[in-house]
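Remarks on the structure that follows.
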There are 2 protein chains.
Amino acid sequence: MAKRVTLAEVAARAGVSPITVSRALRRPDTVQPETRSRIDAAVADLGYVPDPAARALATGRSDVIGVLIPSATNAVFTDVLSGIYDRLGESRFDVQYGITRYDPSTEENLLGVFLRQRPAGLIVAGIDQTPAARRLLDRAGCPLVQVMETGPDPVDMMVGFSHHDAAAAATRHLIARGYRRPGFLGARMDPRTQRRFAGFRAEAEAAGLYDADRAETTDQPSSVGRGAALLRALLTRRPDTDAVFCNNDDLAMGALFEAMRMGVPVPGALGICGFNDLEMMRAAEPPITSVRTNRFEMGARAAEMIRARLDARDPGPALVDLGAEVQARRSTDGPARHPSAGQ
Amino acid sequence: MAKRVTLAEVAARAGVSPITVSRALRRPDTVQPETRSRIDAAVADLGYVPDPAARALATGRSDVIGVLIPSATNAVFTDVLSGIYDRLGESRFDVQYGITRYDPSTEENLLGVFLRQRPAGLIVAGIDQTPAARRLLDRAGCPLVQVMETGPDPVDMMVGFSHHDAAAAATRHLIARGYRRPGFLGARMDPRTQRRFAGFRAEAEAAGLYDADRAETTDQPSSVGRGAALLRALLTRRPDTDAVFCNNDDLAMGALFEAMRMGVPVPGALGICGFNDLEMMRAAEPPITSVRTNRFEMGARAAEMIRARLDARDPGPALVDLGAEVQARRSTDGPARHPSAGQ
DNA sequence: TCACCTAATGATAGCGCTGTCATCGTAGCC
DNA sequence: GGCTACGATGACAGCGCTATCATTAGGTGA
């Protein structure tokens, strides 16, 4: 166990008082350059590093930035995490994260865990906190960013995009490409998924093409295998379905494989569109259309906004909409012209 | 900002001294049952929660468990994280993680960050720490688990499997299935990848089937697209290659798609084997053979071993080999019998 | 009955740092 | 020259908790 070097020892060596060392470290401009350099030398000689616990106790503030996400394995969240980490990894802040497992009461608990550490900042996924959680957030007393989506009534700051609009855009794309009997595949119907479904539905209805019977969903977690199963179920029930908007890319990938197994040509007999635009969509055969969401950027921006606030810099607008763009690929090139089908 | 309730306030309400409250909370068996229940009631009434910083300062120990992994997006590590979190999420411990980006000097830095918090435990990925990092670990003064692989000379505890042997088993499988010109696809040649390659090579050599020219590798990060590119490069150079052992599942998936694009039948003309056995391998068409590694379990066991040590329970063996099993699927069903090829 | 132990509780003194005020020069000004 | 203003530094106390030793009460054996 490396023995701890204290401020007092550094002070003694530099021939100043401890508080001056503390100041030299935290606000270098408030000490004489000459004194400062003596202190810096002592710090270097002794290999001094401040004790975060002591600092937290004295200031009533920790350097922990808490991140609350539903899942540690879902690529969507890990990309956001990665963005956060990219901007915080080198800083004085420590990232601590909690996994809610999509469970509101777990979220409340974890919020409590974070809050009692008096975090420097908080990043939470989504906008669907329970009233109790919302109350906790309101009194968090630290910069807070809600990520993943935009919505009304932010607690503090917000960076994301409209899942409803993104899904609507994807649906418009399917229709524009000539598909007329679009379906929806969804798993783990969390609030964001619901809003995507709503976007799909709104757009399909606007085109007079909505058919509630073409929505195949489950509360089970999403996976490639689930996507295959959902497509099979949908095509069994409504074999004339000519396109599917999949709630995420795993489902889309599963749908593609299942279509292969069933001998259904993609995109000729079935258009497939995913959501999130994971890297594999581009590499698939055929490449799969998906909606690009800026997940890394979302995390990065959230981290920057928090840092800006903590450094008393301008964090920019409190609500950042990163948008989402349909990446059109071969999987939605449009239905094959059947001599019989006319259209 | 929720105002903090202190030990002293609880003590006053319960009519005891602060230290007794402290004891009642930490070692309930050392206070009179009657006193304890009075204290418990006061804690509940006041909604008291201990201040982790104060505790850390007083004890010289934090409840932070540090986790050091190379990447926050690679499914391999997120699954391990998930396992860790599964066993630590409900405990008094807080997980804090650092991302090394496969960079040894970043790893050293992060180790320093963790160590200065006097963590309760440490989980680090891999066994290839630099000498400097190794020195830090040796004096960490807390339970420590190296995860992801097994090897000689553990710092403390270790849970993983032999990447060399796992790759060798996969290679044996390919050979047993009748493939005779196996190649290797590898990206991001980190130490574990290197050892997998060594396992492939050893086994192929043992069968007299090793050909250095059939190893297609790159230092670039792994991805599905990369797998496609690597396979194309390999088949362009050595068109008679009849199987590939892919360093991970992303590459395998990319190889499958590229084979489709090139019109190469899988498994008849090309056997494909992945590594890690992500969920999507089973759902692919054809389903892809892969090597199942117990990632979640790895994290879970590591967390348990640390907890056991901290609770002075028996942590079990210090070195746990979780093994890895080849999951044979259609993608390696064996080469088609060509009238010409005999064999 | 008394020395002696044990169990339960308390008093005291920090852990390492920083907030707050006090102190001391020195420069600037009338 | 005497005053204020201000910049640089220091003394002191205390953040909320726990390690350590002290104290008290009750029980034990000679």
Side-chain angles (χ1 to χ4, degrees), chain A residues 1-40 42-43 46-64 92 94 115-120 141, chain B residues 1-40 42-43 46-64 92 94 115-120 141:
Chain A
M1 172 103 81
K3 65 176 167 302
R4 176 163 294 280
V5 179
T6 68
L7 248 196
E9 299 173 61
V10 176
R13 178 161 189 136
V16 295
S17 76
I19 187 65
T20 301
V21 177
S22 173
R23 271 193 284 256
L25 260 27
R26 288 177 302 150
R27 319 226 328 265
D29 54 303
T30 60
V31 304
Q32 203 91 3
E34 182 200 329
T35 314
R36 195 195 319 156
S37 64
R38 226 163 355 117
I39 292 174
D40 288 347
V43 166
L46 266 25
Y48 169 76
V49 285
D51 179 332
R55 178 172 284 179
L57 184 57
T59 58
R61 265 265 151 276
S62 73
D63 279 342
V64 168
R92 68 193 167 94
D94 301 317
L115 254 19
R116 88 187 46 154
Q117 300 193 47
R118 300 167 178 277
Chain B
M1 174 104 80
K3 65 175 166 304
R4 179 162 292 282
V5 179
T6 68
L7 246 198
E9 300 174 58
V10 175
R13 179 164 187 129
V16 296
S17 76
I19 186 66
T20 301
V21 176
S22 173
R23 268 193 286 254
L25 260 28
R26 288 177 302 149
R27 319 225 328 265
D29 54 301
T30 60
V31 304
Q32 203 92 1
E34 181 200 330
T35 313
R36 193 196 317 153
S37 63
R38 224 159 0 115
I39 292 174
D40 288 346
V43 166
L46 266 26
Y48 169 78
V49 284
D51 180 332
R55 178 173 283 179
L57 183 58
T59 59
R61 265 263 153 275
S62 73
D63 279 344
V64 168
R92 67 192 170 95
D94 302 316
L115 254 19
R116 90 187 44 155
Q117 301 193 48
R118 302 167 177 277

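Note on naming: letters A, B, ... go to the chains in the order of the sequence lines (proteins, then strands), and numbering restarts at 1 for each one.
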| task | May I ask you to evaluate whether B:Thr20 reaches the phosphate of C:dT9, defined as a side-chain N or O under 4.0 Å from OP1 or OP2? | result | no

| Rounded to the nearest Å, what distance is computed from the CD atom of residue B:Gln117 to the P atom of nucleotide C:dC17? | 14 Å

| task | Provide, to the nearest angstrom, the distance between the CZ atom belonging to B:Arg61 and the P atom belonging to D:dG16. | result | 24 Å

| query | Between B:Arg116 (CZ) and C:dC15 (P), how many Å, whole number? | reply | 21 Å

| field | Spacing of B:Glu9 atom CD relative to D:dC17 atom P, expressed in whole Å | value | 9 Å

| Check: A:Arg23 side chain, C:dG19 base, donor-acceptor under 3.5 Å | no

| request: Mind checking the CG-OG1 spacing from A:Leu25 to A:Thr20? Nearest 0.5 Å is all I need. | output: 11.5 Å

| request: Give a yes/no answer on whether the side chain of B:Arg55 brings an N or O atom under 4.0 Å of OP1 or OP2 in D:dT18. | output: yes

| said: Could you tell me how far apart B:Asp51 (CG) and C:dC17 (P) are, to the nearest whole angstrom? | reply: 17 Å

| Distance test, side-chain N/O of A:Thr59 to OP1/OP2 of C:dT18, below 4.0 Å | no

| message | What's B:Pro50 touching, base or sugar-phosphate or nothing? Going by heavy atoms closer than 4.0 Å. | response | sugar-phosphate

| Which of the following nucleotides, C:dT18, C:dA11, D:dG16, is nearest to the side chain of B:Ser17? | C:dA11

| note | When rounded to whole Å, the CG to P distance for the pair B:Leu46 and D:dG16 reads 14 Å

| message | What's the closest nucleotide to the side chain of A:Ala58 if the choices are C:dG16, D:dT9, D:dC17? | response | C:dG16

| field | Per A:Thr6 side chain, nearest of listed nucleotides C:dT18, D:dT18, C:dG16 | value | C:dG16

| field | Gap between atom CZ of B:Arg23 and atom CG of B:Asp29 - 0.5 Å precision | value | 11.5 Å

| said: Ignoring hydrogens, what is the shortest heavy-atom contact between A:Ala56 and B:Ala53? Give both atom names and the distance. | reply: CB-CB, 3.6 Å

| Residue whose closest nucleotide on DNA chain C lies nearer the 5' end, B:Leu57 versus B:Gln32 | B:Gln32

| query | Looking for any heavy atom pair under 4.0 Å, which part of the strands does B:Arg26 touch: base, sugar-phosphate only, or nothing? | reply | sugar-phosphate

| request: Find the distance between CD (A:Gln117) and CG (A:Asp94) and round it off to the nearest 0.5 Å. | output: 10.0 Å

| said: Counting only side-chain heavy atoms from C-beta out, which of D:dG10, C:dG14, D:dC15 sits nearest to A:Ile19? | reply: D:dG10

